[in-house]
Amino acid sequence: MDILKDKTILLGITGGISAYKAPDIASKLRQLGANVDVVMTESAAKIITPRTLQSITNRQVHTDMWQPVENFRAGHISLAESADVIVIAPATANTIAKLACGMADNLLCSTVLATRTPVIMSPAMNDNMLNNPVTQKNISKLKDRGFVIIEPGYGHLLSGKIGQGRLPETAEIIDIIRLVLSRGGDLKGKRFVVTAGGTREAIDPVRFIGNRSSGKMGFAIAQAARDRGAEVTLISTVECYPAAGIRMIAVESAGEMKKAVEEAVVAADALIMAAAVADYQVEQVSGNKIKKADGVLSLKLIKTPDILSEVKGSFIKVGFAAESENLVENAITKLKEKGLHLIAANDITAKDSGFGSDNNRVTIIDRNERAEVLPLMSKREVADRILDRIKEII
Ligand code: PMT
(Lines give C-alpha, C1' and ligand atoms only; values in the text may rest on other atoms or scores of the structure.)
Protein backbone atom coordinates (compact mmCIF):
# COMPACT_ATOMS: atom_id res chain seq x y z
CA MET A 1 0.00 0.00 0.00
CA ASP A 2 1.31 3.46 -0.84
CA ILE A 3 2.58 5.21 2.24
CA LEU A 4 0.62 8.32 1.18
CA LYS A 5 -2.73 6.54 1.37
CA ASP A 6 -5.02 8.16 3.96
CA LYS A 7 -2.27 10.51 5.14
CA THR A 8 -3.12 14.19 5.60
CA ILE A 9 -0.72 16.50 3.84
CA LEU A 10 -0.87 20.19 4.54
CA LEU A 11 0.29 21.96 1.39
CA GLY A 12 1.43 25.52 2.05
CA ILE A 13 1.63 27.65 -1.09
CA THR A 14 3.39 31.00 -1.08
CA GLY A 15 3.53 33.71 -3.72
CA GLY A 16 6.33 32.65 -6.01
CA ILE A 17 5.60 32.32 -9.72
CA SER A 18 6.12 28.55 -9.49
CA ALA A 19 2.94 28.46 -7.37
CA TYR A 20 1.33 27.57 -10.70
CA LYS A 21 2.83 24.07 -10.23
CA ALA A 22 1.21 23.57 -6.81
CA PRO A 23 -2.12 22.28 -8.19
CA ASP A 24 -0.17 19.48 -9.86
CA ILE A 25 1.39 18.50 -6.52
CA ALA A 26 -2.04 18.55 -4.86
CA SER A 27 -3.56 16.52 -7.67
CA LYS A 28 -0.84 13.82 -7.64
CA LEU A 29 -1.08 13.53 -3.85
CA ARG A 30 -4.84 13.03 -4.13
CA GLN A 31 -4.38 10.40 -6.83
CA LEU A 32 -2.04 8.55 -4.47
CA GLY A 33 -4.73 8.46 -1.78
CA ALA A 34 -3.69 11.38 0.45
CA ASN A 35 -6.01 14.02 1.90
CA VAL A 36 -4.69 17.45 1.04
CA ASP A 37 -5.38 20.58 3.09
CA VAL A 38 -4.19 23.74 1.40
CA VAL A 39 -3.09 26.95 3.09
CA MET A 40 -2.22 29.77 0.68
CA THR A 41 -0.69 33.13 1.43
CA GLU A 42 -2.35 36.26 0.11
CA SER A 43 0.32 36.57 -2.60
CA ALA A 44 -0.12 32.96 -3.68
CA ALA A 45 -3.84 33.60 -4.13
CA LYS A 46 -2.91 36.33 -6.64
CA ILE A 47 -1.03 33.79 -8.77
CA ILE A 48 -3.44 30.83 -8.63
CA THR A 49 -7.01 30.83 -7.46
CA PRO A 50 -8.00 29.06 -4.24
CA ARG A 51 -10.96 27.69 -6.19
CA THR A 52 -8.59 25.59 -8.37
CA LEU A 53 -7.08 24.01 -5.28
CA GLN A 54 -10.51 23.57 -3.72
CA SER A 55 -11.72 21.62 -6.75
CA ILE A 56 -8.60 19.44 -6.80
CA THR A 57 -8.55 18.69 -3.08
CA ASN A 58 -12.30 18.64 -2.56
CA ARG A 59 -11.69 20.59 0.67
CA GLN A 60 -11.98 24.13 1.85
CA VAL A 61 -8.82 26.07 0.99
CA HIS A 62 -7.47 28.33 3.74
CA THR A 63 -6.13 31.73 2.82
CA ASP A 64 -6.83 34.06 5.69
CA MET A 65 -6.46 33.90 9.47
CA TRP A 66 -9.75 35.71 9.82
CA GLN A 67 -11.82 34.09 7.11
CA PRO A 68 -15.14 32.67 8.41
CA VAL A 69 -14.87 28.88 8.48
CA GLU A 70 -17.64 26.33 8.22
CA ASN A 71 -15.93 24.06 10.68
CA PHE A 72 -14.66 25.92 13.73
CA ARG A 73 -11.74 23.51 14.19
CA ALA A 74 -10.25 24.40 10.81
CA GLY A 75 -8.09 27.13 12.39
CA HIS A 76 -4.30 27.09 12.47
CA ILE A 77 -4.08 24.87 15.55
CA SER A 78 -6.28 22.15 14.15
CA LEU A 79 -4.58 22.33 10.74
CA ALA A 80 -1.25 21.98 12.51
CA GLU A 81 -2.48 19.03 14.55
CA SER A 82 -4.25 17.09 11.83
CA ALA A 83 -1.39 17.06 9.30
CA ASP A 84 0.99 14.11 9.04
CA VAL A 85 3.41 16.36 7.22
CA ILE A 86 3.50 20.00 6.12
CA VAL A 87 4.96 20.80 2.71
CA ILE A 88 5.61 24.38 1.66
CA ALA A 89 5.99 24.45 -2.11
CA PRO A 90 7.00 26.89 -3.35
CA ALA A 91 8.54 28.67 -0.37
CA THR A 92 9.46 32.29 -1.16
CA ALA A 93 12.35 34.19 0.41
CA ASN A 94 9.78 36.24 2.30
CA THR A 95 8.03 33.27 3.92
CA ILE A 96 11.39 31.61 4.64
CA ALA A 97 12.53 34.80 6.40
CA LYS A 98 9.33 35.00 8.43
CA LEU A 99 9.55 31.36 9.48
CA ALA A 100 13.22 31.73 10.39
CA CYS A 101 12.24 34.58 12.75
CA GLY A 102 9.25 32.72 14.15
CA MET A 103 6.73 35.22 12.82
CA ALA A 104 3.05 34.36 12.72
CA ASP A 105 1.39 37.14 10.78
CA ASN A 106 -0.50 34.92 8.35
CA LEU A 107 -2.26 31.56 8.53
CA LEU A 108 0.60 29.58 7.01
CA CYS A 109 3.27 30.98 9.34
CA SER A 110 1.01 30.56 12.41
CA THR A 111 0.26 26.98 11.44
CA VAL A 112 3.96 26.16 11.01
CA LEU A 113 4.79 27.83 14.31
CA ALA A 114 2.07 25.83 16.03
CA THR A 115 3.00 22.45 14.58
CA ARG A 116 4.96 19.50 15.85
CA THR A 117 4.65 17.65 12.55
CA PRO A 118 7.63 17.47 10.18
CA VAL A 119 7.90 20.41 7.79
CA ILE A 120 9.30 20.07 4.28
CA MET A 121 10.19 23.28 2.50
CA SER A 122 10.90 23.72 -1.19
CA PRO A 123 12.51 27.14 -1.73
CA ALA A 124 11.93 28.50 -5.24
CA MET A 125 12.93 31.97 -6.36
CA ASN A 126 15.29 34.04 -8.46
CA ASP A 127 18.88 32.79 -8.14
CA ASN A 128 20.20 36.10 -6.74
CA MET A 129 17.54 36.06 -4.02
CA LEU A 130 18.35 32.44 -3.27
CA ASN A 131 22.08 33.04 -3.08
CA ASN A 132 21.72 36.18 -0.99
CA PRO A 133 23.51 35.42 2.31
CA VAL A 134 20.38 36.49 4.23
CA THR A 135 18.25 33.85 2.48
CA GLN A 136 20.97 31.23 2.87
CA LYS A 137 21.26 32.02 6.57
CA ASN A 138 17.48 31.76 7.01
CA ILE A 139 17.41 28.43 5.19
CA SER A 140 20.17 27.02 7.37
CA LYS A 141 18.40 28.29 10.52
CA LEU A 142 15.32 26.32 9.48
CA LYS A 143 17.45 23.28 8.63
CA ASP A 144 18.89 23.42 12.13
CA ARG A 145 15.35 23.52 13.50
CA GLY A 146 14.63 20.23 11.71
CA PHE A 147 12.95 21.46 8.52
CA VAL A 148 13.60 19.21 5.53
CA ILE A 149 14.82 21.47 2.74
CA ILE A 150 14.40 20.37 -0.86
CA GLU A 151 17.31 21.58 -2.95
CA PRO A 152 15.99 24.06 -5.58
CA GLY A 153 16.26 22.82 -9.15
CA TYR A 154 18.62 24.18 -11.80
CA GLY A 155 17.35 25.44 -15.16
CA HIS A 156 15.35 28.23 -16.80
CA LEU A 157 14.27 30.94 -14.37
CA LEU A 158 11.62 33.62 -14.78
CA SER A 159 14.36 36.22 -15.29
CA GLY A 160 15.34 34.42 -18.49
CA LYS A 161 18.60 33.27 -16.92
CA ILE A 162 19.66 29.71 -16.35
CA GLY A 163 20.41 29.12 -12.71
CA GLN A 164 19.36 27.55 -9.45
CA GLY A 165 15.98 28.40 -7.96
CA ARG A 166 13.36 26.33 -9.78
CA LEU A 167 10.69 24.34 -7.97
CA PRO A 168 11.71 20.68 -8.48
CA GLU A 169 9.48 18.27 -10.39
CA THR A 170 6.33 17.06 -8.61
CA ALA A 171 7.66 13.47 -8.53
CA GLU A 172 10.76 14.61 -6.66
CA ILE A 173 8.73 16.57 -4.10
CA ILE A 174 6.37 13.65 -3.56
CA ASP A 175 9.28 11.27 -3.13
CA ILE A 176 10.66 13.45 -0.34
CA ILE A 177 7.23 13.52 1.31
CA ARG A 178 7.30 9.73 1.21
CA LEU A 179 10.78 9.69 2.72
CA VAL A 180 9.70 11.90 5.60
CA LEU A 181 6.54 9.86 6.23
CA SER A 182 8.63 6.68 6.28
CA ARG A 183 10.43 7.66 9.47
CA GLY A 184 9.15 5.39 12.20
CA GLY A 185 8.01 2.70 9.74
CA ASP A 186 7.98 -0.99 10.70
CA LEU A 187 11.44 -1.58 9.16
CA LYS A 188 13.03 1.39 10.91
CA GLY A 189 16.69 0.77 11.71
CA LYS A 190 16.96 -2.23 9.37
CA ARG A 191 19.47 -2.17 6.55
CA PHE A 192 18.59 -3.60 3.16
CA VAL A 193 20.71 -4.17 0.10
CA VAL A 194 18.69 -4.60 -3.09
CA THR A 195 19.86 -5.32 -6.63
CA ALA A 196 17.97 -4.30 -9.78
CA GLY A 197 18.20 -4.57 -13.54
CA GLY A 198 19.95 -6.86 -15.98
CA THR A 199 23.72 -7.03 -16.04
CA ARG A 200 25.58 -6.16 -19.24
CA GLU A 201 28.56 -8.31 -20.13
CA ALA A 202 30.84 -6.56 -22.59
CA ILE A 203 31.81 -8.14 -25.90
CA ASP A 204 33.78 -5.16 -27.17
CA PRO A 205 33.63 -1.37 -26.49
CA VAL A 206 30.29 -1.19 -28.35
CA ARG A 207 28.41 -4.41 -27.76
CA PHE A 208 27.29 -6.39 -24.77
CA ILE A 209 25.27 -9.44 -23.75
CA GLY A 210 22.20 -8.24 -21.84
CA ASN A 211 18.68 -9.22 -20.89
CA ARG A 212 15.18 -7.76 -20.65
CA SER A 213 15.17 -6.76 -16.99
CA SER A 214 13.98 -3.16 -16.56
CA GLY A 215 14.91 -2.84 -12.90
CA LYS A 216 11.27 -2.13 -11.93
CA MET A 217 11.02 -5.06 -9.50
CA GLY A 218 14.23 -4.19 -7.67
CA PHE A 219 13.36 -0.52 -7.55
CA ALA A 220 9.89 -1.28 -6.16
CA ILE A 221 11.52 -3.30 -3.37
CA ALA A 222 14.02 -0.54 -2.60
CA GLN A 223 11.27 2.09 -2.52
CA ALA A 224 8.95 -0.06 -0.39
CA ALA A 225 11.73 -0.76 2.13
CA ARG A 226 12.63 2.94 2.22
CA ASP A 227 8.94 3.86 2.69
CA ARG A 228 8.83 1.48 5.65
CA GLY A 229 11.77 3.19 7.33
CA ALA A 230 14.68 0.96 6.28
CA GLU A 231 18.09 2.21 5.22
CA VAL A 232 18.42 1.04 1.64
CA THR A 233 21.33 0.56 -0.74
CA LEU A 234 20.22 -0.08 -4.31
CA ILE A 235 22.80 -1.65 -6.60
CA SER A 236 21.45 -1.19 -10.08
CA THR A 237 22.37 -1.47 -13.72
CA VAL A 238 19.61 0.98 -14.68
CA GLU A 239 19.11 4.53 -13.54
CA CYS A 240 16.12 4.72 -11.24
CA TYR A 241 14.45 8.01 -10.38
CA PRO A 242 13.36 9.41 -7.99
CA ALA A 243 15.05 7.82 -5.05
CA ALA A 244 15.27 10.19 -2.10
CA GLY A 245 17.04 8.58 0.81
CA ILE A 246 18.11 5.52 -1.17
CA ARG A 247 21.85 5.07 -1.61
CA MET A 248 22.36 4.24 -5.26
CA ILE A 249 25.32 2.34 -6.64
CA ALA A 250 25.53 2.06 -10.43
CA VAL A 251 27.07 -1.09 -11.86
CA GLU A 252 27.13 -2.77 -15.21
CA SER A 253 28.47 -6.32 -15.19
CA ALA A 254 28.01 -9.31 -12.88
CA GLY A 255 31.59 -8.84 -11.66
CA GLU A 256 30.94 -5.20 -10.71
CA MET A 257 27.65 -6.12 -9.07
CA LYS A 258 29.35 -8.82 -6.99
CA LYS A 259 31.98 -6.37 -5.73
CA ALA A 260 29.34 -3.77 -4.84
CA VAL A 261 27.15 -6.36 -3.08
CA GLU A 262 30.09 -7.69 -1.04
CA GLU A 263 30.93 -4.18 0.16
CA ALA A 264 27.31 -3.19 0.87
CA VAL A 265 26.23 -6.29 2.83
CA VAL A 266 28.85 -5.90 5.56
CA ALA A 267 26.35 -4.28 7.95
CA ALA A 268 23.13 -5.39 6.24
CA ASP A 269 20.12 -7.20 7.71
CA ALA A 270 18.95 -8.47 4.33
CA LEU A 271 20.07 -8.84 0.73
CA ILE A 272 17.37 -9.08 -1.93
CA MET A 273 18.64 -9.95 -5.40
CA ALA A 274 15.96 -8.97 -7.92
CA ALA A 275 18.58 -8.31 -10.59
CA ALA A 276 18.75 -10.58 -13.59
CA VAL A 277 22.43 -11.47 -13.47
CA ALA A 278 23.96 -12.92 -16.63
CA ASP A 279 25.12 -16.49 -16.17
CA TYR A 280 27.85 -16.12 -18.81
CA GLN A 281 30.37 -13.52 -19.82
CA VAL A 282 32.77 -13.33 -22.76
CA GLU A 283 36.13 -14.86 -21.85
CA GLN A 284 38.17 -12.35 -23.84
CA VAL A 285 36.58 -8.91 -24.14
CA SER A 286 37.93 -7.24 -27.29
CA GLY A 287 39.63 -3.87 -26.71
CA ASN A 288 38.58 -2.72 -30.19
CA LYS A 289 35.25 -2.90 -31.98
CA ILE A 290 35.00 -6.31 -33.61
CA LYS A 291 34.88 -5.84 -37.40
CA LYS A 292 32.22 -7.50 -39.51
CA ALA A 293 33.75 -10.35 -41.50
CA ASP A 294 32.49 -13.20 -43.64
CA GLY A 295 31.43 -16.37 -41.91
CA VAL A 296 30.50 -17.08 -38.32
CA LEU A 297 31.62 -15.07 -35.32
CA SER A 298 32.39 -17.29 -32.34
CA LEU A 299 32.56 -15.98 -28.79
CA LYS A 300 33.83 -18.15 -25.99
CA LEU A 301 31.62 -17.68 -22.93
CA ILE A 302 32.62 -18.48 -19.38
CA LYS A 303 30.52 -18.49 -16.22
CA THR A 304 29.98 -15.28 -14.27
CA PRO A 305 30.39 -15.39 -10.48
CA ASP A 306 27.22 -16.55 -8.72
CA ILE A 307 26.74 -13.58 -6.42
CA LEU A 308 24.04 -15.04 -4.16
CA SER A 309 25.95 -18.30 -3.63
CA GLU A 310 29.30 -16.66 -3.03
CA VAL A 311 28.40 -13.71 -0.80
CA LYS A 312 28.74 -14.67 2.86
CA GLY A 313 27.35 -13.20 6.06
CA SER A 314 24.67 -13.48 8.69
CA PHE A 315 22.08 -11.40 6.81
CA ILE A 316 18.88 -12.74 5.30
CA LYS A 317 19.31 -13.78 1.69
CA VAL A 318 16.42 -13.49 -0.74
CA GLY A 319 16.60 -14.42 -4.40
CA PHE A 320 14.28 -14.34 -7.36
CA ALA A 321 13.91 -17.20 -9.79
CA ALA A 322 12.99 -16.40 -13.36
CA GLU A 323 11.54 -19.67 -14.66
CA SER A 324 9.83 -20.74 -17.85
CA GLU A 325 8.97 -24.27 -16.64
CA ASN A 326 8.67 -26.29 -13.39
CA LEU A 327 8.42 -23.04 -11.46
CA VAL A 328 8.29 -24.29 -7.87
CA GLU A 329 10.67 -27.27 -8.28
CA ASN A 330 13.35 -25.19 -10.00
CA ALA A 331 12.98 -22.36 -7.50
CA ILE A 332 13.39 -24.76 -4.56
CA THR A 333 16.57 -26.14 -6.13
CA LYS A 334 17.97 -22.58 -6.42
CA LEU A 335 16.91 -21.73 -2.87
CA LYS A 336 18.88 -24.74 -1.56
CA GLU A 337 21.90 -24.39 -3.83
CA LYS A 338 22.31 -20.68 -3.04
CA GLY A 339 21.57 -21.02 0.71
CA LEU A 340 18.61 -18.61 0.62
CA HIS A 341 16.01 -17.87 3.28
CA LEU A 342 13.34 -17.04 0.69
CA ILE A 343 12.97 -17.17 -3.06
CA ALA A 344 10.36 -15.39 -5.17
CA ALA A 345 9.66 -17.48 -8.24
CA ASN A 346 8.22 -15.77 -11.30
CA ASP A 347 6.90 -17.49 -14.37
CA ILE A 348 8.49 -15.42 -17.10
CA THR A 349 6.33 -16.93 -19.85
CA ALA A 350 3.29 -14.99 -18.57
CA LYS A 351 2.62 -11.95 -20.78
CA ASP A 352 1.12 -9.74 -18.04
CA SER A 353 3.98 -9.92 -15.54
CA GLY A 354 7.73 -10.40 -15.07
CA PHE A 355 10.29 -8.61 -17.24
CA GLY A 356 9.47 -4.97 -17.99
CA SER A 357 5.91 -5.11 -16.65
CA ASP A 358 4.54 -2.95 -13.81
CA ASN A 359 2.99 -6.09 -12.37
CA ASN A 360 4.29 -9.44 -11.24
CA ARG A 361 2.90 -12.79 -10.21
CA VAL A 362 5.23 -14.59 -7.84
CA THR A 363 5.30 -17.57 -5.52
CA ILE A 364 7.30 -16.97 -2.36
CA ILE A 365 9.00 -20.13 -1.12
CA ASP A 366 10.76 -20.53 2.24
CA ARG A 367 13.32 -22.99 3.62
CA ASN A 368 10.52 -25.38 4.65
CA GLU A 369 9.46 -25.45 1.01
CA ARG A 370 6.22 -23.72 1.99
CA ALA A 371 4.95 -21.95 -1.13
CA GLU A 372 2.80 -18.83 -0.90
CA VAL A 373 1.20 -18.33 -4.29
CA LEU A 374 0.43 -14.66 -4.86
CA PRO A 375 -2.01 -13.47 -7.53
CA LEU A 376 -1.13 -10.86 -10.15
CA MET A 377 -0.39 -7.59 -8.35
CA SER A 378 1.72 -4.47 -8.80
CA LYS A 379 5.47 -4.85 -8.26
CA ARG A 380 5.10 -2.50 -5.32
CA GLU A 381 2.59 -4.90 -3.71
CA VAL A 382 4.86 -7.87 -4.41
CA ALA A 383 7.67 -5.89 -2.76
CA ASP A 384 5.61 -5.32 0.37
CA ARG A 385 4.66 -9.01 0.58
CA ILE A 386 8.32 -10.03 0.35
CA LEU A 387 9.26 -7.45 2.99
CA ASP A 388 6.49 -8.78 5.28
CA ARG A 389 8.07 -12.25 5.02
CA ILE A 390 11.55 -10.91 5.70
CA LYS A 391 10.21 -9.02 8.73
CA GLU A 392 8.82 -12.30 10.13
CA ILE A 393 12.30 -13.85 9.86
CA ILE A 394 14.06 -10.81 11.34
O1 PMT B 1 13.57 -5.96 -13.74
P2 PMT B 1 12.13 -6.22 -14.12
O3 PMT B 1 11.84 -5.86 -15.55
O4 PMT B 1 11.17 -5.57 -13.17
O5 PMT B 1 11.85 -7.80 -14.03
C6 PMT B 1 11.92 -8.46 -12.82
C7 PMT B 1 12.63 -9.81 -12.93
C8 PMT B 1 11.77 -10.75 -13.77
C9 PMT B 1 13.99 -9.66 -13.58
C10 PMT B 1 12.80 -10.32 -11.47
O11 PMT B 1 11.54 -10.48 -10.89
C12 PMT B 1 13.58 -11.64 -11.43
O13 PMT B 1 13.05 -12.71 -11.61
N14 PMT B 1 14.91 -11.54 -11.16
C15 PMT B 1 15.84 -12.66 -11.12
C16 PMT B 1 16.17 -13.10 -12.50
C17 PMT B 1 17.25 -14.15 -12.51
O18 PMT B 1 18.36 -13.85 -12.76
O19 PMT B 1 16.86 -15.30 -12.08
P20 PMT B 1 17.85 -16.62 -12.02
O21 PMT B 1 16.89 -17.71 -11.81
O22 PMT B 1 18.74 -16.67 -13.21
O23 PMT B 1 18.74 -16.38 -10.75
C24 PMT B 1 18.32 -16.76 -9.43
C25 PMT B 1 18.85 -15.76 -8.42
O26 PMT B 1 20.28 -15.78 -8.38
C27 PMT B 1 18.46 -14.34 -8.70
O28 PMT B 1 18.12 -13.71 -7.48
C29 PMT B 1 19.72 -13.72 -9.30
O30 PMT B 1 19.80 -12.33 -8.98
C31 PMT B 1 20.82 -14.52 -8.62
N32 PMT B 1 22.02 -14.69 -9.44
C33 PMT B 1 21.94 -15.22 -10.69
C34 PMT B 1 23.10 -15.43 -11.43
C35 PMT B 1 24.33 -15.03 -10.89
N36 PMT B 1 25.45 -15.16 -11.57
N37 PMT B 1 24.39 -14.50 -9.64
C38 PMT B 1 23.26 -14.35 -8.92
O39 PMT B 1 23.31 -13.88 -7.77
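Quick caveat: nothing in here was measured; it's all calculated off a predicted structure. Throughout, residue positions are numbered sequentially from 1 according to the sequence presented. Atoms within each ligand, like the ligands themselves, are counted from 1 in listed order.
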Does only the side chain of [X] get under 4.0 Å from ligand 1, or the backbone, or both, or neither? Count heavy atoms.
{"X": "Pro305", "answer": "backbone"}
{"X": "Ser213", "answer": "both"}
{"X": "Ala344", "answer": "neither"}
{"X": "Ala274", "answer": "backbone"}

So, is Glu323 polar-close to ligand 1, with some N/O to N/O distance under 3.5 Å? no
Shortest heavy-atom approach to [atom] - which of [options]:
{"atom": "atom 29 (C) of ligand 1", "options": "Ser236, Gly197, Ala275, Ala278", "value": "Ala275"}
{"atom": "atom 37 (N) of ligand 1", "options": "Val362, Ile307, Asn360", "value": "Ile307"}
{"atom": "atom 17 (C) of ligand 1", "options": "Gly356, Ala276, Gly198, Gly218", "value": "Ala276"}
{"atom": "atom 13 (O) of ligand 1", "options": "Asn346, Val382, Asn330", "value": "Asn346"}
{"atom": "atom 28 (O) of ligand 1", "options": "Glu310, Lys216, Met257, Met273", "value": "Met273"}

Sidechain N-carboxylate O distance under 4.0 Å for Glu372, Arg389: yes
Check this for me: does any side-chain nitrogen of one of Arg228 and Asp388 sit under 4.0 Å from a carboxylate oxygen of the other? yes
Please verify whether a non-hydrogen atom of [X] lies at under 4.0 Å from ligand 1.
{"X": "Ser357", "value": "no"}
{"X": "Lys303", "value": "no"}
{"X": "Ala254", "value": "no"}

Atom pair CZ/CZ of Arg191 and Arg247 - distance to nearest 0.5 Å: 11.0 Å
Which of the atoms of ligand 1 are close to Lys379, meaning less than 4.0 Å from one of its heavy atoms? 2 (P), 3 (O), 4 (O), 5 (O)
